[in-house]
Amino acid sequence: MTTSPLMPQPKHFKDLQQIAAALVAPGKGILAADESTSSIEKRFQSINLASTETSRRDYREMLFTAPGVSEYISGVILYDETIRQKAANGTPFVDLLQKAGVIPGIKVDTGAKDLVYCPGEKVTEGLDGLRQRLQEYHKLGARFAKWRAVINVSQTLPSETCLIANAEALARYAALCQESGIVPIVEPEVIMDGSHTIERCYEVTERALHVLFNKIYQHKVALEGLLLKPNMVIAGSECKQQADVATVADLTIRCFLRNVPAAVPGIVFLSGGQSDQLATAHLNAMNAKNKSLPWPVSFSYGRALQSPALKAWGGRKEGLEAGRKAFAHRARLNSAARHGKYTAAME
Ligand code: 13P
């Protein structure tokens with residue numbers, strides 16, 4: 001695999017480009033439904049529901065069979081359990097998604113662990129045996145993957161050690177994915193928790209992207225065959241001075257124009273704890289104001305797509321229809337935000 005345009009194109013290059021382009025097709029975005037068993041348990045606690053294999057299946061089946069899924073959702077990031085799971089009628093989830101024209105993806109990292117000698121910081125693990133796991137996931141139908149790095153912010157964090165260790169892992173993961181014909185979604189998440197200002201988030205995001213793309217270059221990852229899944233540039237959730245929507249959009253676009261190569265086929269933002277409405281409004285403002293960006297600006301939301309659906313469902317059979325509707329509504333609004341055509345009145 002090479003990044004040089006003068007070298008022969010690497011194996012799978014065309015496939016990777018096609019998959020990446022399909023994932024950021026106009027008006028479509030990605031649903032992140034890859035919560036680990038412990039994360040989904042926490043989400044279910046909010047509706048007083050026990051997390052079992054069946055309740056997790058019912059919930060995900062509700063999302064995957066919502067009306068409008070084919071129209072607004074290009075791909076779904078699955079968890080290991082879900083990619084092997086079947087809908088209640090026995091259809092494998094992977095088949096169900098593929099039939100709807102939705103590309104199955106898979107979370108392949110094994111979680112963020114404490115980074116030794118760096119108090120308050122994390123490094124994401126999961127490289128051991130990854131080549132074999134990717135080959136298996138490809139056979140199971142996955143055509144893209146996700147790896148999330150956690151970058152905590154304080155007055156002194158992140159350390160250079162944290163940024164380098166996480167970027168190195170992301171780049172090695174990305175190279176392995178491309179070798180297997182799987183598009184890597186590269187996710188360096190600058191965490192919203194904390195009282196830091198939006199300017200501090202800008203500075204940290206810029207540093208993280210700079211280190212990341214350096215490592216991506218060193219590991220000969222093809223920029224044309226990956227997607228970037230970043231945080232927006234936004235004040236910490238406990239910061240008293242929250243920026244308005246236009247400022248978040250402007251600083252985010254400015255930061256990414258300065259730090260993300262134009263060869264990258266798309267930027268798919270995470271929601272990171274923003275409310276569903278704000279996450280849509282921010283995406284919309286970025287697209288409404290900037291009509292000639294080098295890459296499509298899209299979404300790969302977890303909570304911001306799922307929260308209203310989870311509440312409407314409430315773990316009840318009678319709530320399934322309302323849950324599907326709530327999910328379809330959010331997906332449609334984020335689709336409109338991709339064109340800069342969302343308004344609060346559509347809520
Ligand atoms: P949120 O949109 O809830 O941040 O989730 C996206 C995701 O996949 C985090 O890794």
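Every heavy atom of this structure was used, including side-chain atoms; hydrogens, water molecules and symmetry mates were not. As the structure lists them, so they are numbered: ligands from 1, and atoms in each ligand from 1.
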- Item | For Leu251 against Tyr202, the heavy-atom pair lying closest together | O-CE1, 3.5 Å
- Task: Please report which non-hydrogen protein atom sits nearest to atom 2 (O) of ligand 1, along with the residue it belongs to and the distance in Å to one decimal place.
- Result: Ser271 OG, 2.5 Å
- Query: For ligand 1, which atoms, with element, lie under 4.0 Å from some heavy atom of Tyr301?
  - Reply: 2 (O)
- Presence of salt bridge, Glu203 and Arg200, under 4.0 angstrom: yes
- Query: Which residue and non-hydrogen atom of the protein lie closest to atom 4 (O) of ligand 1, and at what distance in Å?
  - Reply: Gly272 N, 2.7 Å
- Query: Which option out of Arg43, Arg148, Lys229 puts a heavy atom nearest to atom 8 (O) of ligand 1?
  - Reply: Lys229
- Message: For atom 10 (O) of ligand 1, which of the options Lys146, Gln274, Glu189 provides the nearest non-hydrogen atom?
- Response: Lys146
- Query: Under a heavy-atom criterion of less than 4.0 Å, does Ser300 contact ligand 1?
  - Reply: yes
- Message: When you measure from the side chain of Asp15 to the backbone of Gly181, do you find a donor-acceptor pair of N or O atoms at a distance under 3.5 Å?
- Response: no
- Write down the atom of Val150, the atom of Thr124, and the distance for their closest heavy-atom approach. N-OG1, 4.1 Å
- Are Phe269 and Phe256 close enough that their ring centres sit under 6.0 Å apart? yes
- Query: In the protein, which heavy atom is nearest to atom 5 (O) of ligand 1, and how far is it?
  - Reply: Gly302 N, 3.5 Å
- Task: Around atom 9 (C) of ligand 1, find the nearest protein heavy atom and jot down its residue, atom name and distance.
- Result: Glu187 OE2, 3.2 Å
- Test applied, side chain to side chain contact (heavy atoms under 4.5 Å, CB included); reference residue, Lys146; option that passes from Ile30, Asp34, Val108: Asp34
